[in-house]
Amino acid sequence: MNIEKYLDKENLHHAYLVEGSRDEIIPEILEFLKSLKIKTEGNPDVVQMHTDTFKIDDARNLKIYGREKGYTSAKKIFIISANNFLSEAQNSLLKLFEEPIENTYFFIVAPDASVFIKTLSSRLYFISTKSDISAELKDAEKFIKMPLKSRLDFIKELLTTEELEDEEGLSAQAGNEVIQLDSIRSKALKFLNALESVFHKKMPKTAFDTSVFEHIFKVREFLRMPGSSPKTLMESVALITSGKF
């Protein structure tokens, strides 16, 4: 999967969280940097940190390196990957990502984005490489241009059929509930990822509204909780995104 389609060369976000396999993602990040005319080998301004567990000492070192002045006038890049990110290390990085540093960009690669605390992940531009969302990206492009009623109708059409199957399944065979609900939640999460990507690309820097991304993150978090209503959560996304474009 090529992550370049989620990256805007003219308007890079200061920090990305890329979910997936580091063996696949890191080479793609390096290729993307090369397309920006950034030398990836022998360049002191391209720093890679790869470990099994990202600990508090790693966070402290990253903060030091991140605040240091670059050796060149070009962009300074950090690529960090780990299988696990300890909570204390994540908390230590909050201020670093809260106050973006000019011409400094971070790519954090993890196999599962759900391990990140809310206060940190809300500061990062999320990209999931676990599945292809090209169809959802097209739908998201149309979605942001729709009036509110059409957005609500879209959400109903997106989820209603499977939800009815869930209700029938609950009355007929309760054992199927988890499988069916997982299907609905996966569909909603996939569309949320696409919608977030489209908003990042479409929203002008001068009027960047973080409330939209914070709400999307909260919805994503609740969608992972048993007992929550995917339809209600996704309708809230339709409401908060209304009139943004």
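Closest of all the heavy-atom pairs between E196 and Y125 is O-CE1, 4.4 Å. Nearest heavy atoms, S87 versus I117: OG-CG2, 4.5 Å. What you find for A59 and A89 is that their closest heavy atoms are CB-O, 3.5 Å. Considering every non-hydrogen atom in both E28 and E24, the closest pair reads CG-O, 3.4 Å. Closest approach of L148 to A238, counting heavy atoms only: CD1-O, 3.6 Å. Taking all atoms of both residues into account, the shortest heavy-atom contact from M234 to L159 is CG-CD1, 3.8 Å.
To the nearest 0.5 Å, atom OH of residue Y6 and atom CG of residue N193 are 8.5 Å apart. A distance of 7.5 Å separates CG of L120 from OG of S122, quoted to the nearest 0.5 Å. In this structure, D139 CG and K190 NZ are separated by 11.0 Å, a value rounded to the nearest 0.5 Å. Distance CD1/I127 to CD1/I108: 12.0 Å, rounded to 0.5 Å. With rounding to the nearest 0.5 angstrom, the CZ atom of R123 is 10.5 Å from the CG atom of L96. In this structure, OG on S128 lies 9.0 Å from CZ on R220, to the nearest 0.5 angstrom.
Surrounding CD of E88 are more than 12 heavy atoms belonging to other residues, nucleotides or ligands, all under 6.0 Å away. Applying the 6.0 Å contact sphere to CD of E102 captures no more than 12 heavy atoms from other residues, nucleotides or ligands.
Under a 4.0 Å N-O distance rule, the pair E214/K218 does not qualify as a salt bridge. K138 and E141 are not joined by a salt bridge, as no carboxylate oxygen comes within less than 4.0 angstrom of a charged side-chain nitrogen. Look at D153 and K156 and you find no salt bridge, because none of the NZ, NE, NH1 or NH2 atoms lies under 4.0 Å from a carboxylate O.
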T51 vs K55, side chain to side chain contact (heavy atoms under 4.5 Å, CB included): CA-CA, chis, key distance, verdict: CA-CA 9 Å; T51 182; K55 303 175 181 177; over 6 Å; no
Salt bridge (charged side-chain N to carboxylate O under 4.0 Å, His left out) assessment of E4 paired with K9: CA-CA 9 Å; E4 187 171 348; K9 293 181 180 181; 3.5 Å; yes
Verdict with reasoning, Y105 to F78, per side chain to side chain contact (heavy atoms under 4.5 Å, CB included): CA-CA 6 Å; Y105 304 91; F78 290 89; over 6 Å; no
Side chain to side chain contact (heavy atoms under 4.5 Å, CB included) between I216 and F126, intermediate numbers included: CA-CA 11 Å; I216 287 175; F126 177 66; over 6 Å; no
Side chain to side chain contact (heavy atoms under 4.5 Å, CB included) between D52 and N84, intermediate numbers included: CA-CA 6 Å; D52 181 54; N84 186 33; over 6 Å; no
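You'll find the side chain of I3 reaches within 4.5 Å of the side chain of I29, heavy atoms only. At least one side-chain heavy atom of I26 sits under 4.5 Å from a side-chain heavy atom of H50. Counting heavy atoms from C-beta outward, V198 and L137 have side chains that approach closer than 4.5 Å. Side-chain atoms of L124 and Y16, non-hydrogen and from C-beta on, never get closer than 4.5 Å to each other. Here the side chains of K63 and S92 are in contact, with some heavy-atom distance below 4.5 Å. Side chains of I38 and D45 form no contact here, defined as non-hydrogen atoms less than 4.5 Å apart. Within the 4.5 Å cutoff, side-chain heavy atoms of H215 are placed close to those of S236. Side-chain atoms of D58 and L86, non-hydrogen and from C-beta on, never get closer than 4.5 Å to each other.
A ring-centre distance under 6.0 Å is found for F106 and F97. Under the 6.0 Å cut-off for aromatic ring centres, F154 and F191 qualify, their centroids lying closer than that.
Not one N or O on the side chain of T232 forms a donor-acceptor pair closer than 3.5 Å with the backbone of S229. One N or O on the side chain of S228 and one on the backbone of F222 form a donor-acceptor pair closer than 3.5 Å. Proximity of a side-chain donor or acceptor of Q48 to a complementary backbone N or O of I79 within less than 3.5 Å is not detected. A donor-acceptor pair under 3.5 Å is absent between the side-chain atoms of K75 and the main chain of V46, judged by distance alone. At least one donor-acceptor pair closer than 3.5 Å links the side chain of Q90 to the backbone N or O of V115. Judged by distance alone, with hydrogens and angles left aside, the side-chain atoms of K76 form no donor-acceptor pair with the main-chain N or O of Y71 at under 3.5 Å.
Under the 4.5 Å side-chain heavy-atom criterion for ILVMFWY residues, no single connected hydrophobic cluster contains both L93 and I56. The hydrophobic cluster containing L17 also contains V47, counting ILVMFWY residues as joined when their side-chain heavy atoms lie under 4.5 angstrom apart, directly or transitively.
In summary, the side chains of R151 and T241 do present a donor paired with an acceptor at a separation below 3.5 Å, with no hydrogens or angles considered. In this model, no donor atom of one side chain and acceptor atom of the other lie less than 3.5 Å apart for T104 and H14.
Checked options F54, F217, F85; the residue passing with F116 is F85 (criterion: ring pair (Phe, Tyr, Trp, His ring centres under 6.0 Å)).
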